[in-house]
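The structure appears below as structure tokens.
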Amino acid sequence: QVQLEESGGGSVQSGGSLRLSCTASGYVDSGNCMAWFRQVQGKEREGVAAIATDGRTSYADSVKGRFTISQDKAKKTMYLQMNNLKPDDTAMYYCAAPAGSIPPFGYLMDYEYEYWGQGTQVTVSS
């Protein structure tokens, strides 16, 4: 059974930093990427950042220059370093993995992903 577990969320003031982690277990390495999404209650889920197995990365425009996605394949762990956080970054953050290969234009599309973690809350106060 595939499981994704996020950690590292919390509450910070505007301008602060957090590092999220996502550890995969029982995951068959058939997917070609992993990604972070976020969702505010009542709003659509938004793709934040994705990293392919070859190391290519994709970011939402709203986080470019502030967030960095990385991975440790040996530990089956993905990270999201979030710097200069803003109140608009407040959301539940989810990690996701596809069951198979998805095209690069789909890296930040939630419908491409089959496996999801339970989420970790990030709250940024002004």
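Treat the numbers as computed from the prediction; the structure is a model and nothing was measured. Heavy-atom basis, side chains included; hydrogens, waters and symmetry copies ignored.
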- Query: Between Asp89 and Lys86, is the closest basic N to carboxylate O distance under 4.0 Å?
  - Reply: no
- Item | Presence of salt bridge, Arg56 and Asp54, under 4.0 angstrom |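 Judged by the 4.0 Å cut-off on N to carboxylate O distance, Asp54 and Arg56 do form a salt bridge.
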Compare every heavy atom of [Y] with every heavy atom of [X], then report the nearest pair and how far apart it is.
X: Asn83; Y: Ser17; value: OD1-OG, 2.9 Å
X: Pro98; Y: Cys33; value: CD-O, 3.0 Å
X: Leu4; Y: Cys22; value: CB-SG, 4.1 Å
X: Ala97; Y: Met34; value: CB-CG, 4.1 Å
X: Ala60; Y: Gly47; value: CB-O, 3.3 Å
X: Pro87; Y: Ser125; value: CG-C, 4.4 Å

- With sequence neighbours excluded, tell me which residues meet side-chain hydrogen bond (donor to acceptor under 3.5 Å, both in side chains) with Lys43. none
Check for a donor-acceptor pair, side chain of [X] on one end and backbone N or O of [Y] on the other, with a separation under 3.5 Å.
X: Glu6; Y: Gly119; value: yes
X: Gln71; Y: Ala52; value: yes
X: Tyr113; Y: Leu108; value: no
X: Thr123; Y: Thr90; value: no

Within a strict 4.5 Å, meaning less than it, do heavy atoms of the [X] and [Y] side chains meet?
X: Tyr79; Y: Trp36; result: no
X: Glu46; Y: Ser62; result: yes
X: Val63; Y: Arg38; result: yes
X: Lys76; Y: Ser25; result: no
X: Met78; Y: Leu20; result: no

Count I, L, V, M, F, W, Y as connected when their side-chain heavy atoms are under 4.5 Å apart, and connections chain through other members. Are [X] and [Y] then in the same cluster?
X: Met92; Y: Leu18; value: no
X: Tyr107; Y: Met109; value: no
X: Val124; Y: Tyr93; value: yes
X: Ile51; Y: Tyr115; value: yes
X: Tyr59; Y: Val48; value: yes

- Item | Pairwise distance OG(Ser101) to CD(Glu112) - rounded to 0.5 angstrom | 10.5 Å
- Message: Let me confirm one number: the OG-CG distance from Ser14 to Asn84, rounded to the nearest 0.5 Å.
- Response: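 Answer for the OG-CG pair, Ser14 versus Asn84, is 7.0 Å.
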- Query: Does one side chain, of Asn32 or Thr53, offer a donor that lies under 3.5 Å from an acceptor on the other?
  - Reply: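 No.
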- Message: Are more than 12 heavy atoms, taken from residues, nucleotides or ligands other than Glu114, located less than 6.0 Å from that residue's CD atom?
- Response: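 Yes, CD of Glu114 has more than 12 neighbouring heavy atoms, counting only those of other groups under 6.0 Å.
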- Message: Does Gln121, at its CD atom, have more than 12 non-hydrogen atoms belonging to other residues, nucleotides or ligands within less than 6.0 Å?
- Response: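 More than 12 within 6.0 Å, yes.
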- Message: Which label fits Tyr94 and Trp116: parallel for a plane angle under 30°, tilted from 30 to 60°, or perpendicular past 60°?
- Response: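 Rings of Tyr94 and Trp116: perpendicular, over 60°.
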